[in-house]
Amino acid sequence: MILLVDIGNSRTKYLIATEISNQKYQVVNNNELDLQWLKCHWLKVKKIILASVSQSSHTDVIFDWAEKNGVSLIVVGSEAKRFGVTSAYQQPKKLGIDRWLAILGAAKLFKNKNILIVDAGTATTVDLLSAKQQHLGGWILPGIDIMFNSLLKNTSKINAEQFNVPALNFGTNTSENVNNACWAATVGAIELAVSQAILELKSIDLILLTGGNAQYLQPMIRHETVIEDNLIFHGLQRYNQN
């Protein structure tokens, strides 16, 4: 069994490579990720393809377990070019591995298209990929939760309660004002990104959404969008085919 693994800041997501198109990824909190957990849950694994934006200690646990159990381990990092896709970064290794994998996944799933990739998670990232498989750069902005919490943390007279009801209407109380503004700022950034992408590429074929907030953002965006929850895993899977 080949396992695709994405270690985030607080959680690790994983998926069997052969189930990438029809299965939801599984999740474990990073503080639970120890040798005993791996022994119980990954017993049949023969190969792991792994990416991590988190502390190296989590990768070390998996490395130690894999070495002791004869499991092949490939740790993926951002690169200047791979699978015909070229990074826009002057220092490619500094592009977040989650963004790089999303770009590789988009290039695999939607060939020869100009794509705006929006990963709406802890942070919201936007990346532009041309039909020629050239990454043209992107933006990073705070995710919905970070945006909300940052405002409350850095102001003394704004008291608001966060609720997960995405809306863009003008609020009639402070909680609505803050919540709706976070969604409005995110949607506004995406809409502006579309305009900027069209300036650079003349046209956009697809807006590709992924991440935990993708489903909430989709109805708010005026342009046609596609959601791909396993986008990063599609990128990881490419390293198993090379």
Side-chain angles (χ1 to χ4, degrees), residues 1-20 23-78 93-102 104-105 118-125 140-154 161-164 179 182 186 209-217 227-237 239-240:
M1 183 169 70
I2 300 171
L3 203 63
L4 309 174
V5 181
D6 171 29
I7 303 180
N9 291 305
S10 59
R11 303 187 306 164
T12 292
K13 305 171 188 175
Y14 61 97
L15 186 64
I16 298 171
T18 55
E19 298 178 351
I20 191 170
Q23 293 290 325
K24 172 75 174 176
Y25 55 76
Q26 298 186 65
V27 178
V28 57
N29 291 328
N30 285 350
N31 56 14
E32 299 176 36
L33 198 64
D34 56 22
L35 292 176
Q36 184 60 38
W37 188 95
L38 293 169
K39 180 180 178 180
C40 292
H41 292 83
W42 292 1
L43 184 62
K44 297 180 180 180
V45 173
K46 299 300 181 185
K47 182 178 181 181
I48 295 172
I49 303 172
L50 179 148
S52 176
V53 299
S54 186
Q55 303 173 20
S56 60
S57 58
H58 302 307
T59 305
D60 291 343
V61 169
I62 295 175
F63 180 85
D64 289 345
W65 175 83
E67 190 173 46
K68 291 175 182 176
N69 291 275
V71 175
S72 174
L73 176 63
I74 298 173
V75 179
V76 173
S78 297
K93 290 183 179 180
K94 292 191 175 182
L95 176 66
I97 184 59
D98 49 346
R99 292 172 66 193
W100 177 241
L101 291 173
L104 291 180
V118 179
D119 188 343
T122 303
T124 298
T125 62
I140 304 172
L141 61 149
I144 299 295
D145 291 347
I146 291 178
M147 202 180 300
F148 182 95
N149 293 325
S150 178
L151 180 63
L152 267 61
K153 180 180 179 181
N154 291 285
E161 178 183 353
Q162 189 173 21
F163 40 81
N164 197 19
N179 278 279
C182 292
T186 303
L209 303 178
T210 192
N213 285 321
Q215 61 180 319
Y216 303 117
L217 287 170
I227 292 179
E228 177 50 66
D229 290 331
N230 291 337
L231 186 60
I232 286 176
F233 292 105
H234 280 286
L236 268 175
Q237 190 184 47
Y239 285 88
N240 185 45

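- Residues Glu32 and Asn29 have side chains that bring a donor and an acceptor to within less than 3.5 angstrom of each other.
- Side chains of Ile7 and Val53 form no contact here, defined as non-hydrogen atoms less than 4.5 Å apart.
- Heavy atoms only, all atoms of each residue included: Ile140 and Ala123 are closest at CG2-CB, 4.4 Å.
- Rounding to the nearest 0.5 Å gives a distance of 10.5 Å between CG of Leu73 and CG of Asp64.
- Remark: side-chain polar atoms of Asn179 are paired, donor with acceptor, to backbone N or O of Glu161 under 3.5 angstrom.
- Of the possible donor and acceptor atoms, one in the side chain of Gln237 sits under 3.5 Å from a partner among the backbone N and O of Ala17.
- Once rounded to the nearest 0.5 Å, the distance linking CG of Leu104 with CD1 of Ile232 reads 11.0 Å.
- The two residues Asn240 and Ile49 make their nearest non-hydrogen contact at CB-CD1, 3.2 Å.
- For the atom pair CG (Asn69) and NZ (Lys46), the distance works out to 9.0 Å, reported to the nearest 0.5 Å.
- Asn30 places a side-chain N or O within 3.5 Å of a backbone atom of Thr12 that can act as its donor or acceptor partner.
- Between the side chain of Thr210 and the backbone N or O of Asp119 there is no donor-acceptor pair closer than 3.5 Å.
- Side chains of Gln162 and Asp145: a donor-acceptor N/O pair is present below 3.5 angstrom, by distance only.
- To the nearest 0.5 Å, atoms CD (Glu19) and CD (Gln26) are separated by 8.5 Å.
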Exercise for the section: Apply the test side-chain contact (heavy atoms from CB on, under 4.5 Å) to residues Ile144 and Phe148: give CA-CA distance (whole Å), side-chain angles for both, the deciding distance (0.1 Å), then the verdict. Expected result: CA-CA 6 Å; Ile144 299 295; Phe148 182 95; 5.5 Å; no
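- When all heavy atoms of Ser78 and Leu95 are compared, the closest pair comes out as OG-O, 2.6 Å.
- Atoms CG and SG, from Leu151 and Cys182 in turn, are 7.0 Å apart once rounded to the nearest 0.5 Å.
- In this structure the side chain of His234 reaches within 4.5 angstrom of the side chain of Glu228, judged on heavy atoms.
- Scanning both residues, Ala51 and Leu101, for their nearest heavy atoms gives CB-CD1, 3.5 Å.
- Closest non-hydrogen pair, Leu141 versus Met147, comes out as CD1-CE, 4.4 Å.
- Side-chain atoms of Asn230 and Lys24 include no donor-acceptor pair closer than 3.5 Å.
- In this structure, the side chain of Asn213 does not engage the main chain of Tyr216 through any donor-acceptor pair within 3.5 Å.
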Handout entry: side-chain contact (heavy atoms from CB on, under 4.5 Å) assessment of Leu33 paired with Ile62
Key = CA-CA 8 Å; Leu33 198 64; Ile62 295 175; 4.0 Å; yes
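- Looking at heavy atoms from C-beta onward, Met1 lies in side-chain contact with Lys44 at the 4.5 angstrom threshold.
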Problem - Steps toward side-chain contact (heavy atoms from CB on, under 4.5 Å) verdict (Thr124, Val118) - result: CA-CA 7 Å; Thr124 298; Val118 179; 4.1 Å; yes
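- Shown here for Ile146 and Thr122, the closest heavy-atom pair between the two residues is CD1-O, 3.2 Å.
- Counting heavy atoms from C-beta on, the side chains of Thr18 and Ile2 never come closer than 4.5 Å.
- Of the residues Ile97, Ile74, Thr59, Val76, the one that meets the side chain to side chain contact (heavy atoms under 4.5 Å, CB included) test with Leu50 is Thr59.
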Practice task
Show your reasoning for whether ring-ring contact (aromatic ring centres under 6.0 Å, His included) applies to Tyr25 and Tyr14.
Solution key: CA-CA 6 Å; Tyr25 55 76; Tyr14 61 97; 9.2 Å; no
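- The aromatic rings of Trp65 and Trp42 stand perpendicular to each other, their planes meeting at an angle above 60°, with 30° marking the opposite boundary.
- In this structure, CG in Leu236 is found 11.5 Å from CD1 in Ile48, a value given to the nearest 0.5 Å.
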